[in-house]
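Notes follow the structure.
We name chains A, B, ... by the order of the sequence lines, and we start the count at 1 in each one.
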Protein chains: 2
Amino acid sequence: MALRTPVRGASLVEQTVAILLERINSGVYARAAQLPPEHMLAAEFNVSRATIRSAIGVLAERGMVLRRHGVGTFVSQIPRLANPLNEAEDFSYMIARGGCAPGVRFVQVELAPPEPAVAAALALLPGQRALRSCKVFTADGEPVIFCVNTVPEHVLGEPLAAEALREPQLIEPLFDMLERRCGRRTQHQLAKIRAARARECRFPELALAPDTPLLFIEEVGFTADEAPIWHSYEYFPNSFMTFELVRERVRR
Amino acid sequence: MALRTPVRGASLVEQTVAILLERINSGVYARAAQLPPEHMLAAEFNVSRATIRSAIGVLAERGMVLRRHGVGTFVSQIPRLANPLNEAEDFSYMIARGGCAPGVRFVQVELAPPEPAVAAALALLPGQRALRSCKVFTADGEPVIFCVNTVPEHVLGEPLAAEALREPQLIEPLFDMLERRCGRRTQHQLAKIRAARARECRFPELALAPDTPLLFIEEVGFTADEAPIWHSYEYFPNSFMTFELVRERVRR
DNA sequence: TAGTGGTCTAGACCACCAC
DNA sequence: TGGTGGTCTAGACCACTAC
């Protein structure tokens with residue numbers, strides 16, 4: 001196999017991460033095997049050791065690789081997480097990655113001032129409107145995610161907000177749309193995680209038994225400037241997807 | 001106010017983080033204010049700019065600080081999270097941090113081969129025993145966390161396992177105990193997050209209405225060598241605590 | 001003792017932003 | 001244009017582990 005080497009253009013660290021990841025996933029570096037020492041990789045990739053160290057640091061953070069001081073760097077034995085909760089992506093992609101055909105059904109769409117809690121989270125002034133859409137995401141036709149999105153009119157722009165009211169599929173997938181059509185990239189989101197029963201959900205016409213347990217995530221998306229650009233209530237029945245997370249031990 | 005400067009001994013980056021954090025929390029750098037440029041901090045602390053950058057990078061990851069390319073670094077406006085789900089600590093400390101008096105009640109303790117799923121997660125051989133303890137954590141006397149811990153006998157050592165069977169409070173708080181008495185530090189844990197109803201819980205004598213919604217976390221703790229050293233089923237009623245998390249947008 | 005990862009430096013150059 | 005953060009380098013020295 002021809003082993004790639006970084007090309008100038010994107011960040012050298014990112015390229016190095018990609019190459020190492022590819023080697024791990026393809027088995028060039030087998031599970032539990034030791035990686036070549038950093039100075040060797042630096043020589044092979046023709047970059048400095050600092051660059052290699054940053055790249056390996058990224059992999060270590062993701063749990064792909066394990067460093068042992070004075071010994072070496074090893075491919076992790078822990079299998080990769082399925083749905084890492086600390087990483088967010090558009091639901092359609094998430095469903096597709098799970099091997100199912102994604103779909104969306106819009107249950108209700110309106111353009112109005114949102115409820116006070118949501119307005120506060122989005123830093124809206126009284127009277128400012130937002131597009132609120134209740135969606136059901138399906139996997140192979142089965143409903144798997146119930147979601148209430150609220151996006152301020154000033155984020156969408158008035159023409160797009162009006163248009164989306166008639167054609168709600170325009171604003172899906174949300175992250176992509178906000179980036180492409182509004183120039184607003186979601187950098188991170190603040191999530192609150194709880195449990196709920198179907199009967200308590202803020203979702204119209206929920207086709208579930210009233211005491212079905214649901215994972216309930218309420219989150220607000222922010223741009224790199226910390227401007228809130230969307231709010232979301234999300235309900236996940238256990239049957240379809242569970243989330244996983246690597247938690248670090250901390251000392252306070 | 002006398003501004004501290006790093007001292008050699010601990011990592012320069014860690015010291016720098018601590019000092020910057022202190023300045024932020026004490027208001028030397030007010031909310032939304034701009035930090036001095038990196039080269040200034042480097043000169044002030046008498047370290048290289050790379051060291052300063054690493055330190056600021058740590059703060060940026062924690063959401064304490066916001067970097068703007070070509071502009072500067074600013075103190076974040078987003079308030080600090082209450083219970084960041086990606087950080088784990090002993091429940092007693094978590095409850096105490098919430099301003100309540102922590103307590104633990106042991107409902108059931110046994111030393112036996114665990115159920116197959118748990119044995120597999122802990123890489124136990126058939127017949128190997130583990131200490132399984134069902135605990136209720138209380139805050140000001142109110143039950144707020146239900147937890148089923150399983151720790152292999154070979155991790156505890158036979159004497160301690162036998163002793164803990166009679167005096168279960170010996171193994172609490174778990175992280176501390178494993179570190180102090182067994183020399184096994186929990187480095188990270190792999191968690192699966194779901195919703196559940198009280199009636200489905202693997203917990204004896206749960207004093208809750210059968211359809212109470214609970215956040216259900218199943219996790220396995222690992223040492224730095226990736227050896228699994230404990231397993232845990234945890235149930236959180238919403239009423240007491242909710243978890244929060246910063247999720248990053250990813251591209252795949 | 002040899003080899004590994006961990007820390008730190010001094011300096012170069014680039015990309016972005018405001019004026 | 002000047003100042004900021006973003007990237008990268010070459011090299012030094014330390015700390016840890018295995019033999």
Side-chain angles (χ1 to χ4, degrees), chain A residues 5-20 29 32-76 183 185 187 223-227, chain B residues 5-20 29 32-61 63-76 183 185 187 223-227 248:
Chain A
T5 270
V7 185
R8 306 280 161 161
S11 146
L12 288 182
V13 174
E14 285 168 24
Q15 296 177 55
T16 305
V17 167
I19 295 173
L20 292 177
Y29 302 144
Q34 182 170 6
L35 265 58
E38 296 173 349
H39 68 89
M40 294 281 265
L41 289 171
E44 183 192 352
F45 291 171
N46 199 25
V47 299
S48 73
R49 194 180 145 218
T51 302
I52 293 293
R53 277 189 64 73
S54 298
I56 293 182
V58 171
L59 297 180
E61 252 179 39
R62 293 197 205 165
M64 304 292 301
V65 124
L66 175 66
R67 296 211 257 215
R68 285 204 249 161
H69 193 172
V71 184
T73 303
F74 300 81
V75 178
S76 174
R185 174 172 159 75
Q187 181 72 18
T223 62
D225 303 327
E226 298 195 308
Chain B
T5 270
V7 184
R8 305 280 161 162
S11 146
L12 289 181
V13 174
E14 285 168 24
Q15 294 178 57
T16 306
V17 168
I19 295 173
L20 293 177
Y29 302 143
Q34 182 170 5
L35 265 59
E38 297 173 349
H39 69 90
M40 295 282 265
L41 289 171
E44 183 193 351
F45 291 173
N46 199 25
V47 298
S48 73
R49 194 181 145 217
T51 301
I52 293 294
R53 276 189 65 73
S54 298
I56 293 182
V58 170
L59 297 179
E61 251 179 40
M64 304 292 302
V65 123
L66 175 66
R67 287 164 145 165
R68 285 204 248 160
H69 193 173
V71 183
T73 303
F74 301 81
V75 179
S76 174
R185 174 170 159 75
Q187 181 72 18
T223 62
D225 304 326
E226 299 195 307
E248 299 295 329

Fill in: Test side-chain hydrogen bond (donor to acceptor under 3.5 Å, both in side chains) applied to A:R53 - qualifying residues, sequence neighbours left out
A:E38
Discussion item. Can you identify which nucleotide, out of C:dA12, C:dT4, D:dT9, has its nearest atom closest to the A:T51 side chain?
Written reply: D:dT9
Discussion item. From C-beta outward on B:V13, which listed nucleotide comes closest to its side chain: C:dC8, C:dT7, D:dT9?
Written reply: C:dC8
Worksheet item: Between C:dA15 atom P and B:R53 atom CZ, what is the distance in whole Å?
Response: 15 Å
Item to complete: Rounded to the nearest angstrom, tell me the gap between atom CG in B:N46 and atom C1' in C:dC8.
Response: 12 Å
Practice prompt. Grab the CZ-C1' distance between B:R67 and D:dT4 for me, whole Å please.
Written response: 12 Å
Fill in: Whole-Å distance separating the NE2 atom of B:H39 from the C1' atom of C:dC13
16 Å
Discussion item. Between A:S54 and D:dC8, is there a contact of a side-chain N or O with OP1 or OP2 at under 4.0 Å?
Written reply: no
Practice prompt. Kindly write out the residues that satisfy side-chain hydrogen bond (donor to acceptor under 3.5 Å, both in side chains) with B:E226, not counting sequence neighbours, or none if the list is empty.
Written response: A:S76
Worksheet entry | side-chain hydrogen bond (donor to acceptor under 3.5 Å, both in side chains) partners for A:T51, two or more places apart | A:S48
Worksheet item: What's the CD1-C1' distance between A:I52 and C:dT4, to the nearest Å?
Response: 15 Å
Fill in: Side-chain N or O of B:R49 closer than 4.0 Å to phosphate OP1/OP2 of C:dT9
no
Item to complete: From the options D:dA12, C:dT4, C:dT9, select the nucleotide whose nearest atom is closest to the side chain of B:A50.
Response: C:dT9
Fill in: Per-nucleotide protein contact string for nucleotides 14-19 of chain D, where B marks a base within reach and S marks sugar-phosphate only (heavy atoms under 4.0 Å, - for neither)
-BBS--
Fill in: Whole angstrom value for the distance that separates C1' of D:dG5 from CZ of B:F74
11 Å
Worksheet item: Partners of B:V65 by side chain to side chain contact (heavy atoms under 4.5 Å, CB included), sequence neighbours excluded?
Response: B:I24, B:L35, B:I56, B:L59, B:A60, B:T73
Practice prompt. Could you tell me whether the phosphate oxygens of C:dG5, OP1 or OP2, come under 4.0 Å of any side-chain nitrogen or oxygen in A:T73?
Written response: yes
Discussion item. Output the rounded distance in Å from CG (B:L66) to P (D:dG6).
Written reply: 10 Å
Fill in: Consecutive-pair stems (at least three Watson-Crick or G-U pairs, under 3.5 Å) that include DNA chain C
C:1-18 with D:1-18
Fill in: Candidates D:dC8, D:dG6, C:dG5 - which lies nearest the side chain of A:P37
C:dG5
